[in-house]
Amino acid sequence: MKVNLQELAKALSQSDMHQGYIDIASGKVIIMRDDLGEEETLNHVFEIEDDWEHYIPLPNMVDSEGHNLMESFAAAQRDEVKTRLQEILRLPGAQLKFRQQIKHLLLKTAWEKFQQEYFLKVARDYCDENDLEYEEQ
């Protein structure tokens with residue numbers, strides 16, 4: 001059993017909106033989707049709860065690390081962009097304003113790549129902490 005690191009990173013990047021689990025028997029990453037009906041969702045949750053020792057819940061990494069992630073991205077930019085982004089991160093509503101500036105400064109592709117690399121690192125660390133084997137692709 002090996003966890004697919006790309007799938008785990010994707011689940012962690014959505015952890016503020018969707019609860020995720022790792023099935024430790026198969027290594028499969030399970031994401032609770034919005035498009036499931038209420039009964040289907042409840043059945044899925046009850047199945048996991050009935051067999052809870054075979055599942056590891058994924059933490060909400062977006063809410064806990066979101067601001068640090070934006071600060072790290074800002075710090076990696078050239079001076080004038082770094083200063084602008086860091087100032088925005090000190091304001092109320094920083095996340096929305098940060099994302100608006102990313103678009104305005106044409107940094108969307110760089111921001112997405114930065115996030116992807118960050119969540120891959122978090123996924124590796126998570127697997128190591130939970131003694132889970134993983135594969136990179």
Side-chain angles (χ1 to χ4, degrees):
M1 165 296 291
K2 289 187 179 181
V3 175
N4 181 307
L5 210 57
Q6 297 289 333
E7 287 180 19
L8 179 55
K10 181 179 178 183
L12 290 169
S13 74
Q14 300 173 6
S15 61
D16 61 330
M17 298 181 295
H18 303 286
Q19 177 60 53
Y21 300 88
I22 295 177
D23 178 336
I24 58 175
S26 68
K28 184 177 178 185
V29 177
I30 301 166
I31 300 173
M32 300 300 289
R33 300 184 330 251
D34 288 338
D35 62 348
L36 297 177
E38 186 176 335
E39 186 176 332
E40 193 176 1
T41 299
L42 284 174
N43 288 338
H44 199 63
V45 168
F46 289 142
E47 178 184 320
I48 289 172
E49 285 183 4
D50 286 345
D51 198 17
W52 61 269
E53 60 272 338
H54 292 106
Y55 296 91
I56 300 173
L58 299 180
N60 182 340
M61 296 304 298
V62 175
D63 285 344
S64 66
E65 294 293 321
H67 197 79
N68 291 339
L69 180 59
M70 289 183 277
E71 286 177 349
S72 296
F73 180 77
Q77 303 308 305
R78 63 183 191 276
D79 287 340
E80 62 273 6
V81 172
K82 174 171 58 174
T83 301
R84 188 174 191 174
L85 292 175
Q86 287 173 335
E87 288 172 1
I88 286 169
L89 289 172
R90 288 190 282 274
L91 299 173
Q95 288 190 351
L96 176 60
K97 291 174 183 170
F98 180 87
R99 287 188 174 90
Q100 290 170 338
Q101 279 301 305
I102 292 298
K103 288 179 184 176
H104 178 73
L105 297 169
L106 305 175
L107 294 171
K108 187 176 180 203
T109 302
W111 169 239
E112 289 171 351
K113 184 176 188 234
F114 188 86
Q115 288 181 94
Q116 182 180 23
E117 290 172 4
Y118 174 81
F119 283 111
L120 278 171
K121 180 190 178 314
V122 169
R124 276 187 211 97
D125 292 345
Y126 185 80
C127 286
D128 291 342
E129 290 170 12
N130 288 283
D131 295 323
L132 299 169
E133 291 185 40
Y134 58 87
E135 56 190 9
E136 292 284 335
Q137 29 218 20

[X] and [Y]: which non-hydrogen atoms are nearest, and at how many Å?
X	Y	result
A123	A9	CB-N, 4.0 Å
L58	Y21	CG-N, 3.9 Å
Q115	L69	CG-CD2, 3.9 Å

Quick one: side chain to side chain contact (heavy atoms under 4.5 Å, CB included) partners of E133, sequence neighbours excluded?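 In terms of side chain to side chain contact (heavy atoms under 4.5 Å, CB included), with neighbours along the sequence ignored, E133 is linked to K2.
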
For D131, salt bridge (charged side-chain N to carboxylate O under 4.0 Å, His left out) partners two or more places apart: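 If we apply the salt bridge (charged side-chain N to carboxylate O under 4.0 Å, His left out) test to D131, skipping adjacent residues, there are no hits.
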
Counting C-beta onward and ignoring hydrogens, is there a side-chain heavy-atom pair between [X] and [Y] closer than 4.5 Å?
X	Y	answer
L8	Y126	yes
Q116	E112	no
I22	N130	no
W111	M70	yes
N4	V29	no
Q77	L105	no

Check residues 78-90 and write down every donor-acceptor pair under 3.5 Å in which the side-chain atom is one partner and the other belongs to a residue at least two apart or another chain.
{"residue": "R78", "atom": "NE", "partner": "E80", "partner atom": "OE2", "Å": "2.7"}
{"residue": "T83", "atom": "OG1", "partner": "D79", "partner atom": "O", "Å": "2.9"}
{"residue": "R84", "atom": "NE", "partner": "Q101", "partner atom": "OE1", "Å": "2.9"}
{"residue": "R84", "atom": "NH2", "partner": "Q101", "partner atom": "OE1", "Å": "3.4"}

For R124 and D128, what are the C-alpha separation, side-chain angles and deciding distance, and is it a salt bridge (Lys or Arg N to Asp or Glu O under 4.0 Å)? CA-CA 6 Å; R124 276 187 211 97; D128 291 342; over 6 Å; no

More than 12 heavy atoms of other residues, nucleotides or ligands under 6.0 Å from NZ of K10: is that the case?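 Counting neighbours around NZ of K10, 12 or fewer heavy atoms of other residues, nucleotides or ligands fall under 6.0 Å, so no.
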
Go through the steps for E117 and K113 under the test salt bridge (Lys or Arg N to Asp or Glu O under 4.0 Å), then give the verdict. CA-CA 6 Å; E117 290 172 4; K113 184 176 188 234; 3.3 Å; yes

Nearest 0.5 Å, please: how far is [atom2] in [Y] from [atom1] in [X]?
X	Y	atom1	atom2	answer
E7	E135	CD	CD	8.5 Å
T109	I102	OG1	CD1	11.0 Å
Y55	K28	OH	NZ	8.5 Å

